[in-house]
Protein chains: 2
Amino acid sequence: MRVPKKERQTELQHTIEQNPFITDEALATRFNVSIQTIRLDRMEMKIPELRERIKHVATERLDDVRTLTENEVIGDMIDLKLDTSAISILEILPEHAFSRNAIARGHILFAQANSLAIALIDDELALTTKANVQFTRSVHVGERVVAKAFVSSHRQDGRSDISVESFVGDECVFIGEFTVYRSSKEESR
Amino acid sequence: MRVPKKERQTELQHTIEQNPFITDEALATRFNVSIQTIRLDRMEMKIPELRERIKHVATERLDDVRTLTENEVIGDMIDLKLDTSAISILEILPEHAFSRNAIARGHILFAQANSLAIALIDDELALTTKANVQFTRSVHVGERVVAKAFVSSHRQDGRSDISVESFVGDECVFIGEFTVYRSSKEESR
DNA sequence: CTACTATTAGTACCAGGTAATAATGGTAGT
DNA sequence: ACTACCATTATTACCTGGTACTAATAGTAG
């Protein structure tokens with residue numbers, strides 16, 4: 001016996017997790033057992049076959065993270081009163097954080113706040129022109145950040161000031177003042 | 001003949017592009033031709049088989065997006081003098097921008113600048129505590145943003161001030177002042 | 001010595017293909 | 001009308017990476 005069964009199985013799971021593209025055959029030579037043993041192991045661990053694993057990875061990609069890119073709003077908007085106030089929630093995932101210490105990168109919190117501020121403005125076009133932010137406490141992976149934004153003023157010159165405060169529980173982790181430019185200033189159509 | 005060959009082939013390509021998970025069999029019934037015809041078409045169009053397509057989508061996912069999340073630095077670092085200055089370049093892609101007007105979202109520029117500022121600090125741990133930013137010109141899809149960061153002061157209290165200016169060509173599009181907290185302040189080891 | 005477990009072997013079968021060869025059907029050129 | 005050519009279809013052998021099932025073997029504990 002090369003290695004106890006249990007140990008092999010947990011290692012197997014681990015191996016497949018971080019390289020879903022490995023075949024049973026490769027696993028067999030790797031653990032120095034027969035293919036059948038690998039297959040029995042997979043059965044017991046309920047690990048699907050190679051193609052299913054690949055398919056899974058592929059489909060995940062489609063409706064996946066894109067976290068900071070494609071989504072209009074970073075985080076889940078849970079409340080929105082146009083031109084008044086809005087709230088979004090963002091759960092901090094490992095990819096949002098530094099791997100060394102699992103602390104969320106600053107621009108993640110900024111992105112949540114900024115996209116919320118933009119969404120708040122009910123206009124054709126809204127662009128951030130200025131921002132003044134403070135990161136008051138570090139946020140860790142697994143925590144849920146609730147961002148609350150409200151418009152503090154609609155200026156005559158087509159700009160609006162928006163305040164955003166983000167919380168984990170009742171602790172404030174982020175404060176931001178955003179100045180947003182809006183294109184169609186109500187009067188145009 | 002149901003539909004001319006050429007027309008079918010371009011439609012085939014289109015179909016597969018937006019649904020790579022379709023089998024030859026499904027395509028055959030869909031276009032009302034035999035499986036062999038579909039395969040000849042794929043050959044001519046150099047479209048790989050289902051499993052290869054799925055695998056492609058899956059592997060793309062792994063080194064793809066991540067862009068704004070997993071990477072340590074958003075953009076490509078092209079110069080780095082630790083504790084002194086750094087430069088990175090980021091090409092604005094469609095997913096970085098609002099779909100309506102192809103203008104880059106503010107937090108994308110912020111992310112580039114912020115991650116550059118953090119990378120600049122040669123310490124175990126560096127965290128942004130404060131930022132003051134201005135978006136001086138809107139940036140469009142296709143433009144390449146060059147961010148230049150330099151340390152303006154290393155304070156006694158374990159904080160550093162970093163200035164970042166981003167350019168498209170010779171036009172300044174972003175100005176930012178970051179205050180970054182560093183953990184091990186030189187003296188420790 | 002037996003019971004049990006882990007492992008291995010072997011067979012039949014499946015999806016979704018590749019590769020190659022051949023047959024059919026229509027259409028255009030001369 | 002006959003031939004040449006193209007598109008289409010059919011057929012067969014084979015491939016990978018499996019599932020599902022049955023059976024044999026080896027080692028260990030009671």
Side-chain angles (χ1 to χ4, degrees), chain A residues 1-66 70 93-95, chain B residues 1-67 69-70 95:
Chain A
M1 223 182 271
R2 290 136 280 242
V3 124
K5 184 181 174 182
K6 259 197 167 168
E7 197 177 318
R8 185 191 59 227
Q9 288 193 339
T10 54
E11 242 195 288
L12 182 79
Q13 184 152 41
H14 213 247
T15 306
I16 291 177
E17 247 163 47
Q18 55 142 198
N19 174 204
F21 298 83
I22 192 168
T23 63
D24 286 356
E25 197 176 8
L27 288 164
T29 52
R30 197 179 162 172
F31 287 98
N32 201 25
V33 293
S34 73
I35 266 194
Q36 284 79 356
T37 302
I38 295 294
R39 292 185 175 161
L40 284 173
D41 284 350
R42 273 203 299 102
M43 296 249 162
E44 287 180 32
M45 318 286 289
K46 310 247 184 190
I47 299 171
E49 63 167 285
L50 172 66
R51 288 141 179 164
E52 291 305 314
R53 295 196 302 262
I54 293 181
K55 202 183 295 179
H56 188 78
V57 174
T59 50
E60 244 185 5
R61 175 184 129 77
L62 296 180
D63 45 39
D64 190 40
V65 187
R66 315 229 146 183
E70 296 220 327
L93 302 176
E95 62 262 34
Chain B
M1 224 182 271
R2 291 133 278 240
V3 126
K5 185 182 176 182
K6 260 198 165 168
E7 197 178 318
R8 185 191 58 227
Q9 288 193 340
T10 53
E11 241 195 288
L12 183 79
Q13 184 151 40
H14 213 247
T15 307
I16 290 176
E17 247 164 45
Q18 55 142 198
N19 173 204
F21 298 82
I22 193 168
T23 62
D24 287 357
E25 198 176 7
L27 288 165
T29 51
R30 192 170 166 185
F31 287 98
N32 201 25
V33 293
S34 74
I35 270 193
Q36 285 79 356
T37 303
I38 295 295
R39 292 186 176 160
L40 284 173
D41 285 349
R42 273 203 298 102
M43 296 250 163
E44 286 180 31
M45 318 286 290
K46 310 247 186 193
I47 299 171
E49 64 168 284
L50 172 66
R51 289 138 175 163
E52 291 306 313
R53 294 195 302 262
I54 293 180
K55 202 184 293 177
H56 188 77
V57 173
T59 51
E60 245 185 3
R61 174 185 126 80
L62 294 182
D63 46 37
D64 186 40
V65 184
R66 309 227 155 181
T67 327
T69 56
E70 297 217 328
E95 62 261 37

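Predicted model, so just to flag it, every value in this text is computed and none were measured. Throughout, a chain's letter reflects where its sequence line sits, starting with A, and its residues are numbered from 1. Worth knowing before you read on, the calculation uses all heavy atoms, side chains too, and leaves out hydrogens, waters and symmetry mates.
- Look at CG on A:N32: it is 15 Å from C1' on C:dA6, rounded to the nearest Å.
- Between B:F31 atom CZ and D:dT9 atom C1' there is a gap of 18 Å when expressed in whole angstrom units.
- For the pair A:E44 and A:K6, the salt-bridge criterion is not met [side-chain N within less than 4.0 Å of a carboxylate O].
- Note that CG of B:L50 and CD1 of B:I22 are 9.5 Å apart. Values are rounded to the nearest 0.5 Å.
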| message | One character per nucleotide, please: for nucleotides 11-23 of chain C, 5' to 3', B when the base has a protein heavy atom closer than 4.0 Å, S when only the sugar-phosphate does, - otherwise. | response | ----BBBB-----
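- A salt bridge links A:E52 with A:K55: the closest approach of a Lys/Arg side-chain nitrogen to an acidic carboxylate oxygen falls below 4.0 angstrom.
- Atom pair A:D41:CG and C:dT5:P shows a separation of 16 Å (rounding to whole Å applied).
- For the pair A:M45 CE and C:dA6 P, the interatomic distance rounds to 13 Å; values are reported in whole Å.
- Between B:D41 and B:Q13, the closest side-chain pair of non-hydrogen atoms is not below 4.5 Å.
- In this structure, A:L40 atom CG and C:dT5 atom C1' are separated by 12 Å, rounded to whole Å.
- Atoms CD1 (A:I35) and C1' (D:dA20) sit 15 Å apart, rounded to a whole Å.
- Distances shown here put a side-chain N or O of A:S34 below 4.0 Å from the OP1 or OP2 atom of C:dT8.
- Taking atom NZ on A:K5 and atom P on C:dC4, their separation rounds to 16 Å, with Å as the unit.
- Here B:I47 contributes atom CD1 and B:R39 contributes atom CZ; the two are 13.5 Å apart, rounded to the nearest 0.5 Å.
- Separating the CD1 atom of B:I38 from the C1' atom of D:dT9 is a distance of 12 Å, rounded to the nearest angstrom.
- Residues A:I16 and A:M45 are not in side-chain contact: their nearest non-hydrogen atoms beyond the backbone lie 4.5 Å or more apart.
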